[in-house]
Amino acid sequence: MTAQGVPLRRRVLVVIVSVTALAVALFLVPLAIAVNILYHDQTVAALQRDAAWVAAAVPDEPRGPLKLPTGLPGDLAIGGYTLAGARLFGDGPAHSRLAVSSKDGRVHDTVEGGFLAVSAPVPSDESPALIIRVATPNSQVEQRIHQAWLLMGGLGLIVIALAAGAAVRQSARLAAPLERLTAAAQTLGGGDFSVRAAPSGLREADQAAQALEATARRLGEVLARERAFSADVSHQLRTGLTGLLLGLESALSRPGADLAPAVQAALTRGERLQEVLDDLVRLSRDSRAPAERLDVDALMEEIRQEWHGPLARQGRRLTITVEPALPPVTAQPAAVRQILRVLLDNALRHGQGEVAVTVSDVGPGMAVEVSDHGPGVAPDSDPFIRSSGHSHGIGLALARSLAEAEGGRLVLSRARPPLFSLLLPGHDT
């Protein structure tokens, strides 16, 4: 199923560009209004200054051509008007309402006939009799304002473009670690437990990558243990089944032999295999089940009943010694029983002489030692190596994995004659 939703890269880009555009708009709109007011007021102030300058230079009753002051802008339309608004001289409309409004002796401004105009009364001892009107094309003022707006709009677009570029880069920086994590998770789902995610510099993404790596590592270890456990269990069961079949074949190959003992022995071995199978299946399915306090006396009694007969048929003795006042130990009885079965089976098949099982106190825990008087293990070999050609390895490897699963250890304390020690940690009560 394909995941639905907006890609992170697009989402980050849209959010950053939208926020930037909104911020630019909120900044530029008031600024554009302020620029409009500023340019209008500047032009009006300049016109008022020019109008006052011309009004000061014009006599109350001008006769002849009007002589304007030098230095005035060339695009100004300057005219003289009566208090009734009629033009007397100069440039401007034939009638000006602006001039009429200036009969109160103050300066006024307005947009009149496409011009931004300012009127100023000519100074007089009596009430003003002449109004000077100075105007400039309003289109020039609007052009300046529009140019300023275009400049601000261009700067705003540049800011948005820079934000979009930063958004693309940031979205890629944020999305790349997640994309790598997705690829790593897909690889993990495909069965590759060696996934590694490169550091991204983002703490949250790196933490997720580390968690994924730890999960992959744990899954790999669990799968490896499960595979090894399955191989060891298969060997352990195959060995017992082979012995059962060989016993039946041997009885059938002897003419006139009484088959009852052979069948009884086969049933005994079958029951033992069934018990071994039940224990191993229980351990493999519920390896994390809560353990219980180990009943050492009951376990040793099971060992005595199971192994006394096979050893006695070889003329060998089984000795079990349990020290008093042992520390309490918490473990799964099925696991400890299987470990001791492997050790005693090795002693039966490869050892010689008396087999001794000793349970002793080792301070914070308990030790179960199994020894015999056989040739033992070569000094340069590891009896716990899983190898089909090794005389001990597969079964002992299973026993060691079971011991470690219970928080204990299985070690070879002495090579010749062999002495194996199962160390189980104590449990405070």
Side-chain angles (χ1 to χ4, degrees), residues 21-160:
L22 179 60
V24 169
L26 292 176
F27 176 76
L28 288 185
V29 170
L31 183 61
I33 296 174
V35 167
N36 186 21
I37 297 174
L38 175 64
Y39 280 10
H40 180 273
D41 291 347
Q42 284 181 346
T43 305
V44 169
L47 291 175
Q48 288 176 347
R49 183 175 59 252
D50 294 337
W53 193 5
V54 172
V58 173
D60 295 344
E61 297 179 0
R63 296 176 183 178
L66 181 64
K67 186 178 180 180
L68 297 176
T70 60
L72 293 174
D75 59 347
L76 293 180
I78 302 174
Y81 289 81
T82 66
L83 296 179
R87 187 180 66 188
L88 296 176
F89 59 85
D91 299 323
H95 183 272
S96 174
R97 288 175 299 175
L98 178 64
V100 176
S101 64
S102 297
K103 62 184 179 179
D104 58 0
R106 292 184 295 178
V107 177
H108 294 272
D109 66 270
T110 188
V111 177
E112 188 178 50
F115 283 79
L116 178 60
V118 173
S119 62
V122 175
S124 175
D125 294 337
E126 300 177 359
S127 61
L130 183 64
I131 304 298
I132 298 298
R133 177 182 179 275
V134 180
T136 187
N138 191 52
S139 60
Q140 294 182 1
V141 181
E142 293 180 347
Q143 183 179 5
R144 289 183 61 198
I145 295 173
H146 293 163
Q147 288 176 349
W149 285 357
L150 288 176
L151 178 60
M152 289 187 296
L155 292 176
L157 291 177
I158 292 175
V159 171
I160 294 175

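Note that this is a predicted model, so its numbers are computed, not measured. Heavy atoms only: backbone and side chains are in, while hydrogens, waters and symmetry mates are out.
Gln140 has its side chain out of reach of Arg144: every pair of non-hydrogen atoms, C-beta onward, lies at least 4.5 Å apart. In this structure, the side chains of Leu155 and Val24 stay at 4.5 Å or more apart for every pair of heavy atoms.
Distance check: Asp109 CG to Leu98 CG gives 7.5 Å after rounding to the nearest 0.5 Å. Taken to the nearest 0.5 Å, the CZ atom of Phe115 stands 8.5 Å off from the CG atom of Asp91. Between Arg106 atom CZ and Ser119 atom OG the span is 11.0 Å, to the nearest 0.5 Å. We find the OG-CG distance between Ser101 and Leu83 to be 11.0 Å, quoted to the nearest 0.5 Å. Going from atom CD1 of Ile145 over to atom CD1 of Ile33 covers 12.0 Å, rounded to the nearest 0.5 Å.
Screening residues 27-45 for side chain to side chain donor-acceptor pair (under 3.5 Å), with sequence neighbours left out, gives no hits.
Remark: Asn138 pairs with Glu142 by the side chain to side chain donor-acceptor pair (under 3.5 Å) rule, at least two apart or across chains. Residues satisfying the side chain to side chain donor-acceptor pair (under 3.5 Å) test with Glu112, not counting sequence neighbours, are Ser96, Arg133. Checked against ring pair (Phe, Tyr, Trp, His ring centres under 6.0 Å), His95 has no partners two or more places apart in sequence or in another chain. Residues satisfying the side chain to side chain contact (heavy atoms under 4.5 Å, CB included) criterion with Ala86, sequence neighbours excluded, are Thr82. Partners of His108 according to the side chain to side chain donor-acceptor pair (under 3.5 Å) rule, which considers only residues two or more places apart in sequence or in another chain, are Asp104.
In plain terms, the two heavy atoms of Ala99 and Gly85 that are nearest each other are CB-CA, 4.2 Å. Summarising the geometry of Ala120 relative to Ala55, their closest heavy-atom pair is O-CB, 4.3 Å, with the distance given to 0.1 Å. Here the closest non-hydrogen pair linking Ala32 and Trp149 is O-NE1, 3.1 Å. Smallest separation of non-hydrogen atoms from Tyr81 and Leu130: O-CD1, 3.4 Å.
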